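Report on the following structure.
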Amino acid sequence: MDKFIHEIFKFINQVITNPPIPHEPHKQSLKNWAMYCLRDRGLIVVYAQNADFAVKLKNGDKLYFKVTTNADDMDNLDNKFSWIIWDNVHKTMSFIQQFL
């Protein structure tokens with residue numbers, strides 16, 4: 001994997017697991033929260049047709065993301081997407097990066 005992409009995923013993991021604001025499910029959707037956190041840290045978050053959103057890189061490439069509050073949604077892991085997962089029981093956020 002390209003070192004630049006590795007660093008981007010490392011940065012995104014840090015943003016999601018140590019967010020600028022906590023996720024409060026009663027106030028905002030997981031998707032909107034994740035997009036806000038990534039934009040707040042300077043990433044370009046754009047629409048994605050087959051994912052919840054994408055992060056556009058300076059070279060024009062996109063990294064695609066899906067969000068879930070239900071781990072069962074991940075049964076069909078597709079290597080085209082990274083996942084942001086909210087565990088409502090433990091009140092924790094996880095990030096699983098796509099396989100490149």
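None of these values were measured; they are calculated from a predicted model. Throughout, numbering of the chain's residues begins at 1 and tracks the sequence.
- The two atoms that bring P20 and V15 nearest to each other are CD-O, 4.4 Å, heavy atoms only.
- Atoms OG and CD1, on S82 and I8 in that order, are 11.5 Å from each other to the nearest 0.5 Å.
- The structure places CG of L63 at 5.5 Å from CD of Q98, a figure rounded to the nearest 0.5 Å.
- Nearest heavy-atom pair, F95 versus I84, reported as atom, atom and distance to 0.1 Å: CD1-CG1, 4.1 Å.
- Inter-residue side-chain proximity for N32 and M35 is flagged as met; some heavy-atom pair is nearer than 4.5 Å.
- Residue pairs that meet the salt bridge (Lys or Arg N to Asp or Glu O under 4.0 Å) test with at least one member in residues 23-49, sequence neighbours left out, are E24-K27.
- Nearest heavy atoms, W83 versus V67: CZ3-O, 4.3 Å.
- Under the 4.5 Å side-chain heavy-atom criterion for Ile, Leu, Val, Met, Phe, Trp and Tyr, F11 and L38 are members of the same hydrophobic cluster.
- The distance from the CD atom of Q14 to the SG atom of C37 is 13.5 Å, given to the nearest 0.5 Å.
- If you chain together hydrophobic residues whose side chains sit under 4.5 Å apart, V46 and I12 never meet in one group.
- By the side chain to side chain donor-acceptor pair (under 3.5 Å) test, W86 is found to be paired with N88, residues two or more places apart in sequence or in another chain being considered.
- A distance of 13.0 Å separates CD1 of I16 from CD of Q97, quoted to the nearest 0.5 Å.
- A ring-ring contact (aromatic ring centres under 6.0 Å, His included) with F65 is found for one member of Y47, F53, F81 and no other, namely F53.
- Cluster membership for L43 and L57, using ILVMFWY side-chain heavy atoms within less than 4.5 angstrom, is shared.
- Closest approach of H23 and Q28 over heavy atoms only: CE1-O, 3.4 Å.
- Within the structure, the side chain to side chain donor-acceptor pair (under 3.5 Å) test picks out the following pairs touching residues 50-67 (sequence neighbours left out): N59-D61.
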